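Values below: all heavy atoms of this structure, side chains included; hydrogens, waters and symmetry mates excluded. All values reported here derive from a predicted model rather than from experimental measurement. Residue numbers run from 1 in the order of the sequence given.
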Amino acid sequence: GIWHSQHQDVHPAGATMGEVRDKMINFSTLIKATDPGTLVLGPEEWHFVDTIFSGSDDQYESTHGYPGVYPDRAAHGGSDVYPYLLSQMKQASVTAGRRLLDVCTVHYYPQGGEFGTSVTTAMQMRRNRSTRSLWDTNYVDESWVGDNPLTRVVKLIPRLKGWVATYYPGTLTGITEYNWGAESHINGATAQADILGIFGREGLDLAERWTTPPAGSPTFKAIQMYRNYDGAKSTFGDVSVSVSNSINETNLAVFAAQRTTDAALTVMFVHKALTGSTNITLAVTNFIGSTNAQIWQLIFTNVAKTASVITNLPPVPVTNATVSVYLPAQSVTLLILSEPKPRLAIRYNGLGLIGTPSQLYVIEASSNLSQAQWIPFSTNTALTTTLWLPLEMGSQSVRFFRAVWQP
C-alpha cells in the first residue's frame, strides 16, 4: 500500500488490488510447491487503512483529496481490499487444489503519536484509550484514521475475523507488527499488558511485536507478567475465561484464563488509571479453587515511572468464592487460584475420588509404582465432590492407584 511512497524509484505507481492479488497467488504457489507445509501469511499491509484502500487509491487521494469515488475501489465493485483479496485467494486455492493463504495479517501502529516516547499526561491518556481500536466496535479512532467515514471505527480484530469467516473460512488472523510506544515507562507497560490480554480474549491467532523492548524495562516486564512472572516460566492461562467488568476499560481492563497444565485460574488486572488506587472484589463462579490466591504485581518504583518491579505479594484469602485485590495506579496485577489436587480414599470395596465437580479424571493403577506400569483403571467425570468406584484388585494382592486431572 505504500510502495509508491517508500519505494517510488522502483514502484512509482500505487499498487492496485489486481497487482497485489497476482503477486500473492504467484508467490504462494511457488512457496507451497517448494514446501507444502509452509504457512503463508498475507496480505501483510502496513496499516489498517490499506485493508480498505489500495495503494493506487491512496495515491489518488493524496493528489485529489478525499474523492467521492476511489477509482480502484470502484473498479472492483466498491470492495474493501482485504475482502477482495481473501475471496480471490480462496478461488485460487480451489483451482490449485491446496490452500494458498494460511494467515490473514496486517501491521498496526496507533497513529496519534502513541508509537513514540511521549509520556505527557494527554499522551498517556490517549495511549490508554487507543488500545480500544483493537476490539471496540464503537470506538472512533482519534487520529487522522478517524477522519474518513470508511475507516472511522477500526475494530481491528473483530473486523479481520469477520472478513475471514465470510470470504475465506479457516484462515487464521494475525497482527505481524505492532507497538504502542513508551517502552521505558509504566504507561507503555500497562498498554502492552492490555494489548496481550485483548489478543487472547479476542482470539487473535498470531502477534509479532516490533521490536523486543529493552530487557528489564517496564514494558519487558509487562510481557513477563504473562510469560514468566515468577522467573520459573510460569504463564498466564491458555484457555480464555469470560470476565464481567463494570469499570470503564480505559481505566481498568481485566482478563482471565485457565491453564491446562494445572487447571489454575489466572486473572490479570491492568489498572491504567494515572492516579489513585482501586480496591476490587472479584467474584468467581463455576470454579472451586484454593482458599488463598497468589498475587504477583508489576508497579513503578521511581517518580519518573521508568523503573519497575514484579513483586510476589502475600497470599490473599478466598472467602465465599470472592477475592479482594488492591490495585495501585498504573499497575499490572496477576491473581492465581489453584485447582485443588485430586485425592483418593479407600474404604471396603470402594475407591473414593475427592476432586472438583464436573471435572474429568482418569484413575490409573499399577502393581509396582513403576512409571511405565501405570494403566488406566477408570475414567469419570466427578458429579459431586466425592466419587466412589468399585475397588477391583483382580488377581493381584497389591495394587496402587492415582488420580490424574484431564484438561
Side-chain angles (χ1 to χ4, degrees), residues 1-6 11 13-24 41-91 101 103-115 126 129-169 171 173-180 195 198 202-204:
I2 53 176
W3 287 345
H4 62 282
S5 60
Q6 299 297 309
H11 203 291
T16 65
M17 295 190 205
E19 179 187 357
V20 175
R21 173 203 62 205
D22 293 344
K23 282 180 164 57
M24 287 180 68
L41 285 63
E44 199 73 8
E45 269 296 355
W46 77 278
H47 189 269
F48 157 73
V49 167
D50 279 357
T51 69
I52 306 294
F53 303 110
S54 68
S56 176
D57 281 339
D58 282 346
Q59 189 176 47
Y60 184 85
E61 182 182 287
S62 68
T63 58
H64 294 78
Y66 291 126
V69 176
Y70 290 88
D72 193 33
R73 185 181 178 88
H76 294 87
S79 175
D80 294 337
V81 171
Y82 269 35
Y84 172 78
L85 293 176
L86 284 167
S87 64
Q88 292 295 299
M89 292 303 290
K90 178 184 178 182
Q91 181 177 323
L101 181 67
V103 191
C104 178
T105 57
V106 66
H107 299 179
Y108 191 69
Y109 297 89
Q111 296 293 300
E114 298 92 330
F115 177 37
R126 171 172 276 202
R129 293 190 302 269
S130 61
T131 58
R132 302 185 79 100
S133 64
L134 291 167
W135 64 272
D136 192 339
T137 57
N138 295 309
Y139 176 74
V140 176
D141 195 278
E142 300 174 53
S143 72
W144 60 269
V145 175
D147 294 340
N148 191 313
L150 292 174
T151 60
R152 181 164 291 146
V153 177
V154 178
K155 55 180 182 181
L156 184 63
I157 300 174
R159 191 187 290 265
L160 287 176
K161 294 177 76 68
W163 279 338
V164 161
T166 301
Y167 299 102
Y168 198 178
T171 307
T173 54
I175 298 174
T176 42
E177 280 189 28
Y178 76 92
N179 192 310
W180 249 256
I195 290 163
I198 291 167
E202 300 299 317
L204 190 72

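- The main-chain N or O of D141 is never found under 3.5 Å from a side-chain atom of R129 such that the two would form a donor-acceptor pair.
- Aromatic pair F53/Y70: centroids less than 6.0 angstrom apart.
- Once rounded to the nearest 0.5 Å, the distance linking NE2 of H107 with CD1 of I2 reads 9.5 Å.
- No donor-acceptor distance shorter than 3.5 angstrom exists from the side chain of Q91 to the backbone of M89, with no hydrogens or angles considered.
- In this structure, Q59 and G14 approach most closely via the heavy-atom pair OE1-N, 2.8 Å.
- Taking the side chain as every heavy atom from C-beta outward, V106 and W46 never approach each other to under 4.5 Å.
- Closest non-hydrogen pair, G146 versus R152, comes out as O-NE, 3.0 Å.
- With hydrogens and angles ignored, the 3.5 Å screen pairs no side-chain donor or acceptor of S79 with any backbone N or O of H76.
- Between the side chain of K90 and the main chain of L85, no donor-acceptor pair closer than 3.5 Å is present.
- Proximity of P110 to W180: side-chain heavy atoms (C-beta onward) are separated by under 4.5 Å at one or more points.
- In this structure, H11 contributes its side chain and A13 its backbone to a donor-acceptor pair below 3.5 Å.
- Two rings, from H47 and Y108, have their centers less than 6.0 Å apart.
- Not a single donor-acceptor pair under 3.5 Å links the side chain of Q111 to the backbone N or O of S143.
- Between E44 and T176 there is a side-chain heavy-atom pair separated by less than 4.5 Å.
- Within the model, atoms OG of S54 and CG of D72 stand 3.5 Å from one another, a figure rounded to the nearest 0.5 Å.
- With hydrogens and angles disregarded, a donor-acceptor distance shorter than 3.5 Å links the side chain of R159 to the backbone of V153.
- Put simply, the side chain of T16 does not reach to within 4.5 Å of the side chain of R21, judged on heavy atoms.
- Residues V145 and F48 form a side-chain contact, since some pair of their non-hydrogen atoms from C-beta on lies under 4.5 Å apart.
- Identified under the salt bridge (charged side-chain N to carboxylate O under 4.0 Å, His left out) test for residues 45-57, with sequence neighbours left out: none.
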Begin from the C-alpha positions of I157 and W135 and carry the test side chain to side chain contact (heavy atoms under 4.5 Å, CB included) through to its verdict.
-> CA-CA 6 Å; I157 300 174; W135 64 272; 5.7 Å; no
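- Considering only heavy atoms from C-beta on, W3 comes within 4.5 Å of E19 through its side chain.
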Would you sort out whether Y60 and V69 count as a side chain to side chain contact (heavy atoms under 4.5 Å, CB included), showing the intermediate values?
-> CA-CA 10 Å; Y60 184 85; V69 176; over 6 Å; no
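- To the nearest 0.5 Å, atom CD1 of residue I195 and atom CD1 of residue I175 are 9.0 Å apart.
- When all heavy atoms of C104 and T171 are compared, the closest pair comes out as N-CG2, 3.5 Å.
- Side-chain N or O atoms of Y82 include one that pairs as donor or acceptor with a backbone N or O of T105 at under 3.5 Å.
- Defined by atom type and a distance below 3.5 Å, a donor-acceptor pair is present between the side-chain atoms of E177 and Y109.
- Here the options are D136, L134, T51, L204, the test is side-chain contact (heavy atoms from CB on, under 4.5 Å), and the partner is L156; only L134 passes.
- We find the CE-CG distance between M24 and L41 to be 10.0 Å, quoted to the nearest 0.5 Å.
- Taking CG of D80 as the start and CH2 of W163 as the end, the distance is 5.0 Å to the nearest 0.5 Å.
- Atom-to-atom distance recorded for K155:NZ and R132:CZ is 15.0 Å, nearest 0.5 angstrom.
- Using a 4.5 Å cut-off on side-chain heavy atoms (C-beta onward), L101 and L86 make contact.
- In this structure, G55 and H4 approach most closely via the heavy-atom pair O-CE1, 3.5 Å.
- In terms of heavy-atom proximity, R126 sits nearest to E114 at CG-OE2, 3.3 Å.
- Looking at heavy atoms from C-beta onward, V164 lies in side-chain contact with T173 at the 4.5 angstrom threshold.
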